[in-house]
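Take a look at the structure below.
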Amino acid sequence: MSASDASHATIKPGSICFFFKNGFAAASFHSKMSTIGAAGGDDDSKEEWNEFEWSEDALSIIESIEEQSYQMHPSIKQEEGDGGEGSFAAEFYRCGTEWSCLSPAAEVVEPSHSRNLKQANLWQMWGQDKPSYLSSPPPKKKVKLSQFCSQGKAASSSPKHNRPRACPFYKRIPDTGFSVDAFRYGPIPGCSAYFLTHFHYDHYGGLTKGWSHGPVFCTPLTARLLTICLSLDSLYIHPLELDKEYVIQEVKVTLLEANHCPGAALLHFRLPTGLCYLHTGDFRASKLMQAYPLLANNRVNVLYLDTTYCNPKYKFPSKEDVLSYVVRVTKSSLKKQPKTLVVVGAYSIGKESVYLAISKALGVKIYANNSRRRTLKSFGWPDLSTNLCTQATDTCLHVLPISSLRFETLRDYLKNHANQYAAVLAFRPTGWTYSEGLGRELDLIKPSTRGNITIYGVPYSEHSSFTELREFVEFLKPDKIIPTVNVGNPDNRDKMQSYFREWLKG
DNA sequence: GCGATCAGCT
DNA sequence: CACAGCTGATCGC
C-alpha cells in the first residue's frame with residue numbers, strides 16, 4: 001500500500017518518530033518544549049515563557065525539519081489571511097508535525113545548511129508572541145478571546161499570556177479536519193470534527209454546555225455522559241458504535257474498545273490515501289487487542305500512544321489479579337471484624353470493577369450517592385445497575401470520591417455510621433501504587449492503618465504497564481510513534497525514544 | 001448569583 | 001513520580 005506512496009515519501013517503514021534528536025533537546029529549548037509537550041494532562045499552565053531563548057543550532061534544525069514537511073491540509077491553507085489564528089495554527093501544526101517525524105536516518109542535521117530563518121516566524125511557530133500581521137485584518141468570526149486568556153495578576157503583568165493556547169500538534173490528525181481530545185483551545189482552525197476518546201476531565205476539558213465549535217464524535221456511552229454531566233447540546237453529539245466503520249469527511253473511522261474507563265475508545269483512522277492512524281487515547285493494552293481484526297490485518301502507519309507508564313519501573317499485576325486480591329483482603333478483614341464498612345475510592349468514572357468484584361464476592365449491594373448512581377446507571381450495564389442501592393444503611397460496600405480516602409475523612413464517615421460499623425477498610429485503586437521492590441507481588445502490599453481505619457493502595461491500573469506497552473508496539477509494528485503523555489520532560493522523551501527504537505528493531 | 005477558568009495541591 | 005481530578009479565588013455575564 002502506502003508506506004512507499006510517493007506523495008508521502010517522508011514516511012519510511014521501520015522509521016521511528018520522535019520529537020527531536022538528542023542534540024535538539026538543547027537547553028535553550030527546554031522551557032518552551034515543556035509547553036508543547038504537556039500531554040495527557042495538558043499541563044501547559046506551567047509554561048515558562050520568560051526563560052526561553054533560541055540558539056543558532058535550533059534555527060537550522062527547525063529549518064531542516066520543515067523541509068521534510070507533510071502536505072498541509074487544504075482546509076488549513078484556506079485559513080491563511082483569515083485573521084491570525086488560522087495561519088498561526090497552520091504553521092504551528094505543520095512544524096509541530098515535523099518535529100515528530102525525525103527518523104533515525106534524518107537525525108544528522110547539518111548546521112551549515114541554514115538559510116536565515118526569521119526569528120519572527122519562529123516566535124510565531126511556538127506561539128511565543130503574536131507577529132503584527134496576525135492582528136490584522138480582524139478575524140471573520142468573532143472569537144471570544146477572554147475565554148482563553150490567563151486571568152489575574154500574572155496575565156496583566158505579562159502580555160504574552162494574552163493569547164489563545166494553540167492546540168498541540170499531537171492532537172491533530174494530519175491531512176484531516178480531525179482533532180482528538182482538544183476542546184480547550186477554542187475553535188481550532190481547520191478542525192471540522194472533534195473526537196473525544198473518553199470521559200475524563202483532562203481529555204474533555206473545555207467541553208461545556210455552550211460548546212458550538214463543531215461536531216463531537218465519541219462512543220454512545222461517552223455521548224450519554226456528555227448529555228447527563230455536561231448538558232452538551234445534542235446537536236453537536238455524534239455517537240459512534242464500537243467496531244463499526246463510519247466514513248467521516250472521506251476518512252474511514254472505527255472506534256475500538258480501549259480497556260480504560262467505560263466508554264473509552266481507540267480511534268482508528270484510514271485516510272483516502274491509504275495512510276492509517278491509530279490514536280490510543282488512554283488505554284490499557286492487552287492480548288485481546290491483538291485479536292482486533294482491524295489491528296491484526298492492517299498496517300498502522302502512525303501510532304499516537306498513551307505513554308503514561310512508559311518506564312520499566314512501572315510494573316503492576318493484571319486487573320484480574322488485583323481484583324481477586326481485593327476480594328481476598330476484604331473477606332479476611334470481615335472475618336476478623338464483621339462490623340467492617342468497606343469503602344472503594346473512585347474518580348468520576350473508571351475502576352468500577354473493583355467494587356463490582358467485592359459486591360459479587362460478598363453478595364452485597366453497592367452504595368453510591370445520587371449523582372454517581374445516575375452516572376453509573378447511564379452505562380447501561382445490568383450487572384452494575386441492578387447492584388446499586390440508594391440507602392447507605394443498606395449495604396457495607398460504599399463508593400466514595402478518591403479524595404475522601406484520608407484518615408480524617410474516613411473517621412468522620414465512620415462516626416456517621418457508628419451504629420452499624422466498628423471499622424473501615426478502604427481501597428484506593430491507582431496505577432501508580434508501584435514500588436521498586438514490590439513489582440508484581442500483591443501480598444507485599446502494606447496497608448496504612450490508623451486506629452480502626454485501614455487504607456490499601458492497590459495497583460489497579462487503567463493504563464498499560466511498560467511490558468504491556470512494549471508487547472502492543474511489537475505487535476503493531478507501526479512506522480512511527482507519537483507519544484502523547486509525559487512528553488513535557490526532554491529526558492523522558494529521549495528515554496521513550498530509545499525504548500521505541502528498541503521495540504521496533506525486529 | 002451562576003457558570004467558567006486558573007493556580008495550586010494532592 | 002503523576003492519575004484525574006478537587007479547592008478556592010477570580011472573572012464575565
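FYI, side chains are in, hydrogens and waters are out, and symmetry mates aren't considered; it's all heavy atoms of this structure. Each chain gets a letter, A, B and so on, in the order its sequence line appears, and its residues count up from 1.
Contact record, A:Leu225 with A:Ser378: CD2-OG, 3.6 Å, taken as the closest heavy-atom pair.
Evaluated for a side chain to side chain donor-acceptor pair (under 3.5 Å) with A:Asn259, the options A:Glu462, A:His463, A:Lys319 yield exactly one hit, A:Lys319.
Between A:Asp282 atom CG and C:dG5 atom C1' there is a gap of 13 Å when expressed in whole angstrom units. The interatomic distance linking A:Phe183 (CZ) with B:dA4 (P) rounds to 16 Å, in whole Å. Protein atom OH of A:Tyr314 is 8 Å distant from nucleotide atom P of C:dC3, rounded to whole Å. The CG atom of A:Leu400 sits 19 Å away from the P atom of C:dA4 (whole-angstrom rounding). Taking atom NE2 on A:His200 and atom C1' on C:dA2, their separation rounds to 15 Å, with Å as the unit. Rounded to whole Å, the distance from NE2 on A:His203 to P on C:dG5 is 9 Å. Rounded to whole Å, the distance from NZ on A:Lys209 to P on C:dC13 is 17 Å. Protein atom CD1 of A:Ile349 is 17 Å distant from nucleotide atom P of C:dC3, rounded to whole Å.
At C:dA4, one or more side-chain N or O atoms of A:His463 fall inside 4.0 Å of OP1 or OP2 (strictly under the cut-off). OP1 or OP2 of C:dA2 has at least one side-chain nitrogen or oxygen of A:Asn492 nearer than 4.0 Å.
Aromatic rings from A:Phe195 and A:Phe269 are positioned such that their centres are separated by under 6.0 Å.
As judged by a 4.0 angstrom heavy-atom cut-off over every strand, A:His260 is placed among residues touching the sugar-phosphate backbone only.
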Distances for protein N/O vs nucleotides 6-8 of chain C N/O pairs under 3.5 angstrom?
none

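Counted by atom type alone, A:Thr197 and A:Asp181 present one or more donor-acceptor pairs between their side chains at under 3.5 Å.
Rounded to the nearest 0.5 Å, atoms CZ (A:Phe466) and OH (A:Tyr309) are 15.0 Å apart.
Listed by chain and residue number, A:His200 satisfy the side chain to side chain contact (heavy atoms under 4.5 Å, CB included) test with A:Ser348 (two or more places apart in sequence, or in another chain).
The A:Asn486 side chain lies nearest to C:dC3 when the options are C:dC3, C:dC1, B:dT5.
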Side chains of residues 349-358 of chain A: which donor-acceptor pairs under 3.5 Å do they make with residues two or more places apart or in other chains?
from: A:Lys351; atom 1: NZ; to: A:Tyr460; atom 2: O; distance (Å): 3.1
from: A:Glu352; atom 1: OE1; to: A:Gly350; atom 2: N; distance (Å): 3.3
from: A:Glu352; atom 1: OE2; to: A:Gly350; atom 2: N; distance (Å): 2.6

